[in-house]
Amino acid sequence: MTTHPAETVHDALREEPGEGGWWMPAPDGFAACALSGSARTVPEARRFTRATLAGWQMCADVADDVALVVSELVSNALRYGTKDPGEEDDALEAPVPFCNAWLALTRQNSAVLCAVSDAGTDAPVVKPPDALSESGRGLHIVDQLSDSWGWTPPDRTGKTVWATVSRRG
């Protein structure tokens, strides 16, 4: 298991007619969707992930692990990576996003790279385990289920946290 910063990820996206968000379909091993900040976002991200992996005919073990990793990454993005409406920015403001975060999935043979981009400018922090805490286990779960994970260096537009999950042998 390796964690480390990575280079910035750039996604090309298009709007699907009749849908309320942005997405890129999955036929060539890449899929992406915009994430809102609603209470339904995490379950919707899980459904998007499972549907994409089913289309790619990924095995159930990988699909289960990726869905859980996506849940944790999206939860963290919404909890720590979105700006409060009244939060002050520097003089050079980043453009206002039309969504709170992005989820991208890439198939790489029998592995899946999941990446969640948000507007947060702080690197992820793995908290010490606390059996009595109600939160703080997400990155431990990501660490256990992924082959490697990390993040892009945060800048004024945000960061991307990613994880690679492959079939366990």
Side-chain angles (χ1 to χ4, degrees), residues 1-82 95 97-120 124 126 137-154 157-169:
M1 209 334 297
T2 307
T3 62
H4 53 78
E7 294 301 316
T8 302
V9 177
H10 297 281
D11 299 334
L13 302 167
R14 66 177 179 85
E15 187 172 5
E16 173 64 14
E19 294 292 327
W22 286 74
W23 68 286
M24 179 171 269
D28 295 326
F30 177 82
C33 68
L35 304 171
S36 71
S38 77
R40 298 183 311 247
T41 300
V42 174
E44 287 171 356
R46 250 190 325 267
R47 279 192 295 277
F48 171 81
T49 299
R50 288 191 176 281
T52 298
L53 298 183
W56 291 341
Q57 300 179 341
M58 298 298 288
C59 70
D61 291 343
V62 171
D64 290 343
D65 289 351
V66 172
L68 186 51
V69 166
V70 163
S71 294
E72 297 302 333
L73 295 180
V74 170
S75 295
N76 283 351
L78 298 179
R79 183 170 185 179
Y80 303 109
T82 57
F98 72 92
C99 64
N100 288 332
W102 287 97
L103 166 62
L105 303 170
T106 304
R107 180 184 61 211
Q108 302 170 334
N109 298 319
S110 63
V112 176
L113 170 69
C114 23
V116 177
S117 299
D118 62 53
V126 180
R137 294 176 184 83
L139 292 178
H140 292 281
I141 292 169
V142 171
D143 187 63
Q144 289 299 308
L145 294 178
S146 65
D147 300 321
S148 62
W149 73 277
W151 59 93
T152 61
T157 63
K159 67 180 174 306
T160 299
V161 181
W162 57 270
T164 301
V165 178
S166 63
R167 189 174 190 164
R168 303 205 181 262

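Positions are given from 1 along the sequence. Quick note: numbers below take in every heavy atom, side chains included, and nothing from hydrogens, waters or symmetry partners.
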Check: How close do S148 and W162 get, heavy atom to heavy atom, and via which atoms?
Finding: OG-CZ3, 3.5 Å
Item checked: Residues K159 and D118 bridged, charged N to O under 4.0 Å -> yes
Check: Who passes salt bridge (charged side-chain N to carboxylate O under 4.0 Å, His left out) against D64, sequence neighbours left out?
Finding: R50
Margin query: Would the distance check show the side chain of N109 and the main-chain N or O of A111 forming a donor-acceptor pair, the cut-off being under 3.5 Å?
Written below: no
Notebook entry, point to check: CG/N76 to CG/L139 distance, rounded to the nearest 0.5 angstrom?
Noted result: 5.0 Å
Check: Quick one: does V66's side chain get under 4.5 Å of T49's, heavy atoms only?
Finding: yes
Note to self: Please check this pair: side chain of T41 against backbone of S36, looking for a donor-acceptor N/O pair closer than 3.5 Å.
What the structure shows: yes
Check: Is atom CD of Q108 surrounded by more than 12 heavy atoms (other residues, nucleotides or ligands) closer than 6.0 Å?
Finding: yes
Notebook entry, point to check: If you look at every heavy atom in A45 and L35, which pair is closest and at what distance?
Noted result: CB-CD2, 4.1 Å
Next item on the list: Provide the closest heavy-atom pair for A104 versus F30 in the form atom of the first, atom of the second, distance.
Entry: CB-CE1, 4.0 Å
Check: Any side-chain donor-acceptor pair under 3.5 Å between R46 and S71?
Finding: yes
Margin query: Please find the pair of heavy atoms, one from A163 and one from V142, that lie closest to each other, and give the distance.
Written below: CB-CG1, 4.1 Å
Check: How long is the span from the CE atom in M58 to the CG atom in L105, to the nearest 0.5 Å?
Finding: 10.0 Å
Item checked: V70, V69, V74 screened by side-chain contact (heavy atoms from CB on, under 4.5 Å) with V116, the one that passes -> V74
Notebook entry, point to check: Taking all atoms of both residues into account, what is the closest heavy-atom pair of V161 and P124, and its distance?
Noted result: CG2-CG, 3.7 Å
Check: Are side-chain heavy atoms of L103 and F48 found at a separation under 4.5 Å?
Finding: yes
Check: Excluding sequence neighbours, so at least two apart, what forms side-chain hydrogen bond (donor to acceptor under 3.5 Å, both in side chains) with T106?
Finding: none
Next item on the list: Identify the heavy atoms of T160 and A115 that sit nearest to each other, and give their distance.
Entry: CG2-CB, 3.6 Å
Next item on the list: Report yes if the side chains of D61 and R167 come closer than 4.5 Å at any heavy-atom pair, otherwise no.
Entry: no
Check: Under a 4.5 Å cut-off applied to non-hydrogen side-chain atoms, are S146 and V165 in contact?
Finding: yes
Notebook entry, point to check: At what distance, to the nearest 0.5 angstrom, does CD of Q144 lie from CD of E72?
Noted result: 12.5 Å
Next item on the list: For the residue pair D147 and T164, confirm or rule out a side-chain donor-acceptor distance under 3.5 Å.
Entry: no
Checklist line | Separation between OG of S166 and CG of L113, rounded to the nearest 0.5 Å | finding: 11.5 Å
